[in-house]
Amino acid sequence: MRKSDPNVTPTPTIQVIERMFALIDVLASREDAVSLKEISEKTGLHPSTTHRILNDLATGRFVDRPEAGSYRLGMRLLELGNLVKARLNVRDAALVPMRELHKQIQQPVNLSVRQGDEIVYVERAYSERSGMQVVRAIGGRAPLHLTSTGKLFLAADDPQRVRAYATRTGLAGHTRNSITQLPVLERELAKARQYGIARDNEELELGVRCMAAGIYDDQSKLVAGLSISAPADRLDESWLAKLQATANEISTALGHKPPPQRLAA
């Protein structure tokens, strides 16, 4: 069990979190399920307190109850661990190819992942010579339907999930070019599925256009998007083949066998 500083009085919230971590540590130390009595004894917590916190963790699927009175770590922890692992692996695999692509085109190259109804920028290769102000910093977020990478993730969803996304977000726009109608978005996603790439035509920021290709893991799951951003009048269609080749290179490093490239007309 983690020990607190005896000179510091923890707040109730911190105390609960510390107790939760202590319970998880006990469960992590055993491969099989652990009884409530043993967990209580090892953590020094009262059985009623132990029971209450474990039940809260079970509600969130962080803990499972294979039978009454016994507990083990839940699948939610595995899901979160795999998510973190995938993101770290993607960034590691993408960094060198991204920088090489940037050297070839001299425009910002972005690596993004999905988080809920947004994409999160996790890496970027750019230089001041690109002539374009970099607005979306690493860690920045943007709505799925307004970004090229976000459209790739929406295109990977089934129609019901896309409609649910539209209902939740209202398809709010940022510029006069933003797609704010579901039928228009569905047509855009159909093109993304057909060609394996997606575009942002000044939909997130006026004066900036983007093109994106997907990055896939060894299970052929879309885990990230690689995009090129450029001033609207400078986006070069010849970059598309380089973008797809780089995305395929990163996917291959993750164990994916990429399909033949399909260039958009």
Side-chain angles (χ1 to χ4, degrees), residues 82-115 118-127 130 132 134 136 138 140 142 144-158 161-162 187-201 203-204 208-230 234-265:
N82 286 338
L83 181 62
V84 171
K85 178 183 176 183
R87 289 176 179 172
L88 291 175
N89 286 346
V90 168
R91 184 184 178 280
D92 290 344
L95 202 52
V96 172
M98 285 177 65
R99 289 172 176 169
E100 183 58 35
L101 177 60
H102 171 66
K103 288 179 182 178
Q104 296 177 39
I105 65 174
Q106 292 299 306
Q107 296 295 332
V109 179
N110 316 290
L111 180 69
S112 310
V113 298
R114 180 176 186 171
Q115 192 169 87
E118 299 175 309
I119 63 162
V120 180
Y121 295 86
V122 296
E123 191 53 75
R124 165 167 281 148
Y126 73 99
S127 64
S130 67
M132 185 181 71
V134 178
R136 302 284 160 175
I138 295 174
L144 296 175
H145 67 288
L146 299 182
T147 62
S148 53
T149 292
K151 290 175 186 176
L152 290 176
F153 279 103
L154 285 175
D157 282 345
D158 58 42
R161 288 181 179 273
V162 174
R187 289 194 293 271
E188 188 85 354
L189 299 183
K191 290 195 295 184
R193 293 187 195 100
Q194 180 179 359
Y195 296 113
I197 61 101
R199 302 173 186 272
D200 160 15
N201 183 29
E203 296 159 49
L204 182 64
V208 179
R209 294 171 60 205
C210 304
M211 55 175 65
I215 295 173
Y216 300 85
D217 64 10
D218 58 341
Q219 303 298 313
S220 296
K221 178 182 178 182
L222 178 66
V223 293
L226 190 70
S227 63
I228 297 172
S229 306
R234 271 195 244 166
L235 192 72
D236 190 332
E237 290 301 314
S238 69
W239 298 340
L240 184 57
K242 296 181 176 69
L243 174 66
Q244 289 182 302
T246 303
N248 285 345
E249 178 184 352
I250 299 168
S251 297
T252 299
L254 297 177
H256 178 67
K257 295 181 179 179
Q261 294 184 16
R262 294 168 295 176
L263 296 182

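Note that the coordinates shown come from a computational prediction; the quantities given were computed from them, not determined experimentally.
Judged by distance alone, with hydrogens and angles left aside, the side-chain atoms of His256 form no donor-acceptor pair with the main-chain N or O of Gln219 at under 3.5 Å.
Across Leu254 and Ala93, no two heavy atoms sit closer than the pair CD2-CB, 4.1 Å. Between Lys151 and Ala198 the shortest heavy-atom distance is CB-CB, 3.9 Å. Across all their heavy atoms, Leu152 and Leu222 have their closest contact at O-CD2, 3.5 Å. Between Met98 and Val109, the closest heavy-atom pair is CE-O, 3.3 Å. Residues Phe153 and Ser112 approach most closely at CE1-O, 4.4 Å, considering heavy atoms. Of all non-hydrogen atoms in Leu111 and Ala224, the two that sit nearest each other are CD1-CB, 4.0 Å.
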Exercise. Assess whether side chain to side chain contact (heavy atoms under 4.5 Å, CB included) is satisfied between Thr147 and Tyr121, documenting all intermediate values.
Key: CA-CA 11 Å; Thr147 62; Tyr121 295 86; 4.2 Å; yes

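Side-chain contact between Gln107 and Arg234: present, with at least one pair of heavy atoms (C-beta onward) separated by less than 4.5 Å. Taking the side chain as every heavy atom from C-beta outward, Glu100 and Thr246 never approach each other to under 4.5 Å. In this structure, Asp217 and Asn89 have side chains that are not in contact, with every pair of non-hydrogen atoms separated by 4.5 Å or more. Proximity of His145 to Glu203: side-chain heavy atoms (C-beta onward) are nowhere separated by under 4.5 Å. In this structure, the side chains of Asp200 and Leu146 stay at 4.5 Å or more apart for every pair of heavy atoms.
In this view, Asp157 and Arg114 satisfy the salt bridge (charged side-chain N to carboxylate O under 4.0 Å, His left out) rule, not counting sequence neighbours. Evaluation of the salt bridge (charged side-chain N to carboxylate O under 4.0 Å, His left out) rule for Lys191 yields Glu188 as partners, not counting sequence neighbours. Under the side chain to side chain contact (heavy atoms under 4.5 Å, CB included) criterion, Ala155 pairs with Leu189, Ala192, Arg193, sequence neighbours left out. Applying the side-chain hydrogen bond (donor to acceptor under 3.5 Å, both in side chains) criterion to Asp236, with sequence neighbours excluded, gives Ser238. For Ala213, the side chain to side chain contact (heavy atoms under 4.5 Å, CB included) test picks out Ile197, Leu243, Gln244, Ala247, with sequence neighbours left out. In this structure, the side-chain hydrogen bond (donor to acceptor under 3.5 Å, both in side chains) partners of Ser227, at least two apart in sequence or on a different chain, are Asn110. Partners of Glu118 according to the side chain to side chain contact (heavy atoms under 4.5 Å, CB included) rule, which considers only residues two or more places apart in sequence or in another chain, are Arg141.
The CG atom of Leu226 sits 9.5 Å away from the OG atom of Ser148 when rounded to the nearest 0.5 Å. Atom-to-atom distance recorded for Leu144:CG and Leu154:CG is 4.5 Å, nearest 0.5 angstrom. A distance of 10.5 Å separates OG in Ser229 from CE in Met211, rounded to the nearest 0.5 Å. Atoms CZ and CD1, from Arg199 and Ile228 in turn, are 10.5 Å apart once rounded to the nearest 0.5 Å.
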